[in-house]
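Here is the naming used below: chain letters follow the sequence lines, and residue numbers restart at 1 for every chain. The structure displayed is predicted, hence computed values, not measured ones.
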2 protein chains.
Amino acid sequence: MTAQARGLHAHVLDSLGPAITAGEYPPGSVLRTDELAQRFEVSRSVMREVVRVLESMHLVASRRRVGVTVLPTAEWNVYDPQVIRWRLAGADRPRQLRSLTVLRSAVEPVAAGLAARHASAEQCAALTESALGMVATSRGRRLEAYLVHDIAFHRVVLDASGNEMFARLGDVVAEILAGRTHHDVMFEDPDPAAVTLHVRVAEAVREGDAPRAEALTREIAEGALRELDILAPPR
Amino acid sequence: MTAQARGLHAHVLDSLGPAITAGEYPPGSVLRTDELAQRFEVSRSVMREVVRVLESMHLVASRRRVGVTVLPTAEWNVYDPQVIRWRLAGADRPRQLRSLTVLRSAVEPVAAGLAARHASAEQCAALTESALGMVATSRGRRLEAYLVHDIAFHRVVLDASGNEMFARLGDVVAEILAGRTHHDVMFEDPDPAAVTLHVRVAEAVREGDAPRAEALTREIAEGALRELDILAPPR
DNA sequence: CGTGGCCAAAAAGTCAGACTTTTACATCAC
DNA sequence: GTGATGTAAAAGTCTGACTTTTTGGCCACG
């Protein structure tokens, strides 16, 4: 079973949440707690807890006498990791991936610049190690091993920035990178130029060269955007 | 009354949430649902809903036989608008404000660049109007009126970027700007240079000059960071 | 024909109590 | 000391009754 023991409410949430983010209940739709409770075969108390959580994510609004209304997309807490996961698993995955990659392209260069100033010796070591790992697995269809190092690299950069908001984007970046490898077909070995850029970012951070770290990371990000334009053209 | 009619659970949440984010219950603290229900004089069902919401924000984790554990800060959903508000209202407001301003400095320039490409005629008009409003209220201690235009300006830029993730940061930026005006003492009129920069950003966006819009916005952001360094030095 | 107030029903909100399930911890045998 | 076992504590679940708010219709009155 897929995490059944995590509680009844979590199970219902994992079913209803994706349904809403996928647009199965278009904005404006009205649901009733009692009806939902019956549909999912749980008690009203459990369903109420689920609705409360969805409400806290601004996916729905609950009003007396009218019911539970699905809110327009513009209201959703799109930074909630749970919501991100649900949407990445759903139909508008491509659009979502693009939004997130653009966010990445804005955040990561600045984070790298800060990392160059604040990174500890351990973080520099971890960064270099990850970069070397990427080099070592960049040829011979070792995409899975490469992915591990790639994720580790970007996580360290975000952590080393010393900014809490940046650090919390580590999971999002991991999700994006994993998605690129697993869903969006990636037959070939990773772009050698990108691998080199990662190595050079590690160097720049180690040397405390913030402008260079930022510029190099911007190149990586632009590469990712270009790649996305090719694999999944906008519009 | 301060929004008492929003439901009992919301009231309890507004009391317990800030207490947790303020560190009144340090990470690792264990609470019991029953005890909390008694303390806040609500039924267990209400308290359970509150705990569920806090759990969805990753502020706490609920485990059988042990209770409701407060999670370490690193786990919190720091992008949740509710959490942001709670933290901005609490003791570590300065640190929080810095994190968010750094995030802004990363995001807004890129958003402005995108806005220059995607902004509609209406959005360009709104932008120019806001910039003019800022000019008109930039002298004579009309800080409140200035704030309104400032918020509107940045909101339009983020919206016009066409990126959903950027657009959702409008509230955060509004919160930051409002905080700067209201809390962190701002005796003087706004920096004339900043006002001019806003006007020029509006121009660049209208002309579709993405690099210039980005560069100018980066100047605004750097100004905001410098200002923060003066008013509330780091460390 | 429109306006305003009143009533009734619908749905969420709240509560109390009984029961189940998991699990940390202590105890005991080996 | 190690491992099995039992117990109790806390969350989890369910049910049913009750309260509160709000919508929308209905009717009287201007």
_Walk me through whether His182(B) and Glu144(B) qualify under side chain to side chain donor-acceptor pair (under 3.5 Å)._
CA-CA 9 Å; His182(B) 297 143; Glu144(B) 281 305 324; 2.7 Å; yes
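Arg6(A) has its CZ atom 13 Å from the P atom of dT23(C), to the nearest Å. Between the NE2 atom of His11(B) and the P atom of dT14(C) there is a distance of 12 Å, given to the nearest Å. As rounded to whole Å, 14 Å separates atom C1' of dG12(D) from atom CD of Glu49(B). Between the P atom of dG12(D) and the CG atom of Leu36(B) lies a distance of 13 Å, rounded to the nearest Å. The nearest whole Å value for the distance from the CD atom in Gln38(B) to the P atom in dT14(C) is 19 Å. Distance Arg48(B) CZ to dT14(C) C1': 15 Å, rounded to the nearest Å. Atoms CG (Leu8(A)) and P (dT22(C)) sit 11 Å apart, rounded to a whole Å. Spacing between atom CE of Met47(B) and atom C1' of dC15(C) amounts to 14 Å, rounded to whole angstrom units.
Legend: residues meeting side chain to side chain donor-acceptor pair (under 3.5 Å) with Arg48(B), ordered by chain and number and at least two apart, are Glu49(A). By the ring pair (Phe, Tyr, Trp, His ring centres under 6.0 Å) test, His154(A) is found to be paired with His198(A), residues two or more places apart in sequence or in another chain being considered. Residues that satisfy the side-chain contact (heavy atoms from CB on, under 4.5 Å) test with Arg63(A), not counting sequence neighbours, are Val66(A).
Glu164(B) has no carboxylate O lying under 4.0 Å from a charged side-chain N of Arg98(A), or vice versa, which leaves the two without a salt bridge. Taking a cutoff of 4.0 Å between a charged side-chain nitrogen and a carboxylate oxygen, Arg39(B) and Glu35(B) qualify as a salt bridge. Ion pair Arg180(B)/Asp150(B) flagged as a salt bridge, since at least one NZ, NE, NH1 or NH2 atom sits closer than 4.0 Å to an Asp/Glu carboxylate oxygen.
With hydrogens and angles ignored, a donor-acceptor pair under 3.5 angstrom links the side chain of Arg44(B) to the base of dT13(D).
The stretch residues 52-61 of chain A does not touch DNA chain D, since none of its heavy atoms comes less than 4.0 Å from the strand.
Identified under the ring-ring contact (aromatic ring centres under 6.0 Å, His included) test for residues 62-81 of chain B, with sequence neighbours left out: Tyr79(A)-Tyr79(B).
Within a 6.0 Å radius of CD in Glu129(A), no more than 12 heavy atoms belonging to other residues, nucleotides or ligands are found.
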Give each protein N/O atom lying under 3.5 Å from an N/O atom of nucleotides 8-10 of chain D, with the pair distance.
none

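Listed nucleotides: dA16(C), dA12(C), dT15(D). Nearest to the side chain of Ser45(B): dA16(C).
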